[in-house]
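Here's the structure we're looking at; comments come further down.
We name chains A, B, ... by the order of the sequence lines, and we start the count at 1 in each one.
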Amino acid sequence: MNDSTTPARYDFATAEPRWQQAWEEGACFAAPDVPDGSKPKYYVLEMFPYPSGKIHMGHVRNYTLGDVVARYKRARGFQVLHPMGWDAFGLPAENAARERGTHPAAWTYQNIANMRAELKRMGLSIEWDREFATCDPSYYGQQQKLFLEFLKAGLVERKESWVNWDPVDHTVLANEQVIDGRGWRSGAVVEKKQLSQWFLKITKFAPELLAALDGLERWPERVKLMQANWIGRSEGARVRFALEAPVGSGGAGHESVEVFTTRPDTLFGMSFLAVAAEHPLAAAAAEGNPEIAAFIAECRSLGTSEAAIEQAEKRGIDTGLRVKHPFIEGATFPVWVANFVLMEYGTGAIFGCPSGDQRDLDFARKYGLPVTPVILPPGEDPASFAIGRTAYTEDGTLYNSGFLDGLGTAEGKRAAIDALEKQGAGTGVVNWRLRDWGVSRQRYWGCPIPVLHCAACGVVPVPEEQLPVVLPEDVDFSRPGNPLDHHPTWKHVACPHCGGAARRETDTFDTFVDSSWYFARFTAPKAATPLKAEAARAWLPVDQYIGGIEHAILHLLYSRFFTRALHGLDLLGTPEPFAGLFTQGMVQHASYKTQDGRWLAPDEVDVAADGSATDKETGLPVLVARNDKMSKSKRNTIDPGAIIDRFGADTARWFILSDNPPERDMEWTESGVSGAFRFSQRLWRLVQAALPALPAPEAPHAAEPDRATRDLRRATHRTIAAVTEALEGFSFNVAVARIHEFANAIEAAAEADGAARREALEAVARLVSPMMPHLAEELWALLRPGAGLVAGLPWLDSDAELAKAESITLAVQVLGKLRGTISVPVGADEATVFAAAEAEENVQRAIDGRPIRKRIYVPGRIVNFVV
RNA sequence: GCGGGCGUGGCGGAACGGUAGACGCAGGGGUCUUAAAAACCCCAGCCCCAGGCAUGCGGGUUCGAAUCCCGCCGCCCGCACCA
């Protein structure tokens, strides 16, 4: 096959765009808004990208995985929906505006154009007609409508809340944007501040969001667990402690404090009550007491970052107030303000039982508060048991506890709650860790929250006919703070009710709102309403969602909430958005660092066979860190575009799939890519070389096939079955391995009948098509000129008869150790098998004349003799 | 601290409780070539080699364990002053 007219290599650079065009012209990946029901539907979706400017290897992995599923399911006869869009609002666009003077919209749409072109080069079977960006007014305007629906349905609340406030940038920061107590951009020490914010009432759905996790059978256990922990259900009691004397001035008078506890059984071990610094009672106590006020101010400035909390010592200040104990007549306990009590959890107040809680014990020891043991560990003597530096938090028997004495932990809880309820001092409750979702952001590049503030009418929703509330284009990014708020005219409007002067809400939505319903919008992206009922009902839930584990909680929980809310409004036919979820691992690459601390790019080093590396320029050894997360700062990113230029999209896809199981982190290696490239070329050569000798398509198989032909057909049908099974189970690396083996088998079967060889080569083209779609088309066109696209073909079926072995090799064990193998016909009966096994030379030696006490035969698998 | 996951050659990994290490990468040897690239062929867990030892370590269940159970050790991830 080396005559001068035949190119020796597969020219991916011309073939790939050609097939992409053929798919587009054939509208191969189009799906109707409302499927006609002739085929079962299958909705495949990958988490849509943020348009940062360039695609990275993580995208390549994500979209390759999704594309394999989409192409495979299409071939399996499903009507597949596989759309793509852009999560396009967000801070980087504003930063770019500030730093380079471009408009966020211009920057974003330019990035989208770049990334769309890059994604298209990957040969993804995406229906691009459904594409939208969340920053399109046609999308966010519909989102504003949804918000007004939520408002009507009572799912929205405006309330004061404690937020992370960046005093330099004049904006609220999400918890994730606070790093070591400082704003991630400004570096300013973040303050806690009380602000009016818009909240979506996700807590209303806490019980069902938790309960429904059980039904998500095709979700990874660990994601479900993370969500369950985040929702954080705990059973306990709310207990009201009456203050000895009321406190507070004006309308803010306090007569009691309420605490939440999971251990009402330990109430008799109480030695103090503590409230959070932000608790109203703390504020009341601080009136006229500068020391308390100073302590509160200090706590507030400390911020909420994990690092700050972890380092902070338990500290507090006695307010001088005292509360009465609900069970002990006449007993009172001091009220402290303590830095370890969280305003966000429970009621922002706790009762301290030092013997039963480590934090309370640390606090009590520090401030010399009493420690009364109330739970006796099993086997301990009440006379001698004492609490040292470790609290006893396990179950035991109650003592020193009045009417609870002698009860176990569970009964004690029940009895304590009964008593509290009887005397009206408390109730048994279920507490949730989940808090309502604050969606207000003081940003420009987001979806405007469609409400007005009128001095006379209060908060007024923007009338639907005035939607969308569009972002103004002439904005000034040079000043810190919210550009919408600074805009000279945008916010000044007339109240639709009274006609008086009103002010637009200048906060925009958290971008997680945008991504909480985009999957539903994809089902009818051009509809004049947020959702088209028939389309959404027909397509949702998403059958297979694919993305990174980093969204395990926020995005996936918010989307579940939104779907439930929309379902409640009768806009969707399902309460859950994603029936199947797959979380892929990261793509990593070795990083290289010189002795003097400079990072070198992969092409700036020479890597030796043992993995060590030297600086190409200086020849000096460099430090190699394998499996390092790709990052610009470490200069170990690999540009997908450059890989496609050099090797083609199919090679990139094949390598990414072949390296390891998709849920694990993978290492991008140059040698791995070239291995994948070699294989793609090898398949092409295999077909090219065979072509001249192949019979016509559909030529009959030999009536009495010879051995080589039978073997090849068996390999073909076994491979079909094995690849199918691997694809069904997301074992793409195994599917790749099976195809490798098959290629080896075809090469070894030169003497097989032509029809069998054609069958095998056609099978290769089709089996490889979900992974290397362009090469598949190229091979198919060589094998069956004019026969249409692989993209339109059904999946192959494995013929079980042909896949069946004629004879099998059985392992023979003696006492569980392998001693030999025998070859027997497939249908051989037990007696034949045992006879052959006993006769085997090595087996005989192992038996060594001893009588066989037991013979085990697992048909088709193994023989084992017990002597 | 709480919760979860994972330990198999030099590396990525395969293996319904049934021949451990498929397949690939890297490696060694060879063919072709003036040479290189490309391609092709062969070898390859370890050892005291008709045998023995090997899936982090120690036990157990089983005719048989990488796989199931118990206990350690190590690594990774999530949550975390959550009352």
Exercise. Look at the side chain of A:Asn864 against the base of B:C63 and say whether a donor-acceptor pair falls under 3.5 Å; ignore hydrogens and angles.
Key: yes
Practice problem: Look at the side chain of A:Glu221 against the base of B:G4 and say whether a donor-acceptor pair falls under 3.5 Å; ignore hydrogens and angles. | Solution: no
Self-check item: Syn/anti label of B:C49 as read from its glycosidic torsion, with the cut at 90° from 0
Solution: syn
Quiz item: What's the base orientation of B:G13: syn (chi within 90° of 0) or anti?
Solution: anti
Quiz item: Which sits closer to the 5' end of RNA chain B, A:Asp659 or A:Arg845, going by the nucleotide each is nearest to?
Solution: A:Asp659
Self-check item: Nearest-angstrom distance from the residue atom CD of A:Glu667 to C1' of B:G10
Solution: 13 Å
Quiz item: Just how far is it from atom CE of A:Met586 to atom NZ of A:Lys629, taken to the nearest 0.5 Å?
Solution: 5.5 Å
Self-check item: Sugar-phosphate, base or nothing in reach of A:Glu741, heavy atoms under 4.0 Å
Solution: sugar-phosphate
Practice problem: Not counting sequence neighbours, list each pair that qualifies as a salt bridge (charged side-chain N to carboxylate O under 4.0 Å, His left out) and has a residue in residues 660-677 of chain A. | Solution: A:Arg626-A:Glu667
Quiz item: Considering heavy-atom distances to RNA chain B, does A:Arg664 or A:Phe260 have its closest nucleotide positioned more toward the 5' end?
Solution: A:Arg664
Exercise. Could you tell me if the ring centre of A:Phe647 sits under 6.0 Å from that of A:Phe677?
Key: yes
Practice problem: Could you list the residues that satisfy salt bridge (charged side-chain N to carboxylate O under 4.0 Å, His left out) with A:Glu830, not counting sequence neighbours? | Solution: none
